[in-house]
Amino acid sequence: MLDLFSRLQPSFQLCPGVFILREFAGPVEQQLLCDMETILAAAPLRHMHTPGGRRLSVAMTNCGQLGWVSDAQGYRYAAFDPQTGVSWPSIPLSFLELAQQAAQAANFSEFMPDSCLINCYQPGAKMTMHQDKDESDLSAPIVSVSLGLPATFKMGGGQRTGPVHKVMLSHGDVMVWGNEARLAYHGVLPLKEGVHPLVGRRRINLTFRKAR
Ligand code: SIN
Ligand code: FE2
């Protein structure tokens with residue numbers, strides 16, 4: 001069931017270990033987008049390929065000490081951007097403060113992310129069901145910030161197939177998950193056509209993780 005009524009609540013628990021903080025990033029939207037452009041200038045968005053050779057429809061880049069990458073060698077965290085050969089840009093203060101405040105609001109203390117994956121969806125782009133399991137410390141939560149066009153996020157359980165909670169994530173919404181949900185399968189339905197007044201014809205997702 002699509003969680004139609006959830007927008008009436010400022011924040012709530014979608015299922016055990018999964019928290020939705022509505023419009024949590026709203027007050028810092030301009031700063032986030034401005035800082036993101038600086039990152040994109042140094043580490044451009046690109047379509048990575050799965051180890052099997054499939055091109056990901058979501059364009060990605062990273063900031064932080066480590067960046068998530070995928071290519072013929074597999075999925076992994078890398079200290080250097082394989083495209084430029086240099087370190088990823090560092091996580092800007094606006095990103096870090098937001099991620100830490102969101103984690104705290106969801107009752108995860110002392111979140112210290114060392115990696116931020118920037119996902120850019122254009123209409124039609126999607127993310128198939130997967131687990132975030134390339135991180136060594138699974139006690140830290142995942143903090144996921146949505147900007148721009150709304151998308152339907154699917155949060156499942158320990159199996160790739162099976163029942164999912166569907167929740168619409170809109171501009172400014174922050175989702176935090178961990179503990180019993182840390183390894184839950186999740187994905188994003190194909191982005192619908194639209195233009196966001198601030199972000200344009202795209203959805204941006206910032207995913208903060210403690211990779212090491
Ligand atoms: C991801 O799972 O890496 C992205 C989730 C999202 O775009 O909301
Ligand atoms: Fe993920």
Side-chain angles (χ1 to χ4, degrees), residues 2-3 6 14-15 17-25 32 36 45-50 54-64 66-70 74-78 88 91 95 98-99 102-103 106 113-138 140-160 164-179 181-192 194 196 199 201-211:
L2 188 59
D3 192 4
S6 66
L14 182 68
C15 53
V18 183
F19 301 85
I20 312 280
L21 310 174
R22 291 294 186 204
E23 294 172 28
F24 198 84
L32 295 176
M36 182 185 75
L45 288 165
R46 79 290 307 261
H47 291 274
M48 299 185 197
H49 289 78
T50 65
R54 203 168 44 81
R55 178 185 187 265
L56 299 175
S57 62
V58 178
M60 300 175 177
T61 190
N62 292 276
C63 59
L66 293 167
W68 185 86
V69 296
S70 176
Y75 305 122
R76 65 195 176 280
Y77 280 96
W88 301 102
I91 299 180
F95 282 32
L98 174 68
D114 53 15
S115 181
C116 172
L117 174 65
I118 301 176
N119 290 311
C120 179
Y121 296 71
Q122 295 211 301
K126 63 174 191 223
M127 198 165 291
T128 55
M129 294 297 274
H130 67 278
Q131 290 172 295
D132 288 9
K133 59 173 185 191
D134 302 321
E135 301 72 32
S136 47
D137 180 2
L138 297 176
I142 308 272
V143 173
S144 172
V145 178
S146 292
L147 296 168
L149 292 175
T152 303
F153 188 97
K154 295 180 288 179
M155 179 57 83
Q159 309 287 321
R160 187 182 299 276
V164 296
H165 291 272
K166 284 187 184 167
V167 62
M168 183 73 86
L169 295 179
S170 299
H171 180 78
D173 292 345
V174 179
M175 185 164 165
V176 182
W177 73 92
N179 296 332
R182 178 61 183 74
L183 289 175
Y185 276 88
H186 58 280
V188 178
L189 290 182
L191 191 73
K192 292 210 175 106
H196 185 274
V199 182
R201 191 172 165 264
R202 58 190 179 154
R203 168 179 186 257
I204 304 290
N205 166 259
L206 311 174
T207 296
F208 295 89
R209 306 188 185 105
K210 184 171 174 358

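Remember, it's 1-based here, ligands and their atoms both numbered in the order they're listed. Heavy-atom basis, side chains included; hydrogens, waters and symmetry copies ignored.
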Knowing that exactly one of N205, T207, N119 qualifies, which makes a side chain to side chain contact (heavy atoms under 4.5 Å, CB included) with M60? N119
Nearest non-hydrogen contact with atom 8 (O) of ligand 1 belongs to which option: H186, M127, R203, M175? R203
Look at atom 4 (C) of ligand 1 and say which protein heavy atom is nearest, naming residue and atom and giving the distance to 0.1 Å. N119 ND2, 3.4 Å
Atom pair OG/CZ of S136 and R209 - distance to nearest 0.5 Å: 12.5 Å
Please evaluate residues R203 and V188 with respect to the criterion side-chain contact (heavy atoms from CB on, under 4.5 Å), reporting the C-alpha separation (whole Å), side-chain torsions for both, the decisive distance (0.1 Å), and the verdict. CA-CA 11 Å; R203 168 179 186 257; V188 178; 4.2 Å; yes
Within 4.0 Å of some non-hydrogen atom of F153, the atoms of ligand 1 are 5 (C), 8 (O)
Contact atoms of ligand 1, heavy-atom distance to R209 under 4.0 Å: 3 (O)
Give the atom numbers and elements of ligand 1 that come within less than 4.0 Å of a heavy atom of N205. 4 (C), 5 (C), 6 (C), 7 (O), 8 (O)
Is there a donor-acceptor pair under 3.5 Å between the side chain of Q131 and the backbone N or O of L183? yes
Report the distance from atom CG of N179 to atom CG of L138, rounding to the nearest 0.5 Å. 11.0 Å
M129 and ligand 1 - part of the residue with a heavy-atom distance under 4.0 Å: neither
Carefully, step by step, assess T61 and W88 under the rule side-chain contact (heavy atoms from CB on, under 4.5 Å). CA-CA 9 Å; T61 190; W88 301 102; 3.7 Å; yes
Just to be careful: counting only protein atoms that are N, O or S, how many fall under 2.8 Å of the Fe ion (ligand 2)? 3
What protein heavy atom is closest to atom 7 (O) of ligand 1, reported as residue, atom name and distance in Å? Y121 OH, 2.5 Å
Would you give me the side-chain donor-acceptor pairs under 3.5 Å for residues 120-129, sequence neighbours excluded?
none

R182 side chain to A140 main-chain N or O, any donor-acceptor pair under 3.5 Å? yes
Any N or O of S146 closer than 3.5 Å to N or O of ligand 1: no
Would you call the rings of Y75 and W68 parallel, tilted or perpendicular, where under 30° means parallel and over 60° means perpendicular? parallel
Just by distance, do the side chain of H47 and the backbone of L56 share a donor-acceptor pair under 3.5 Å? yes
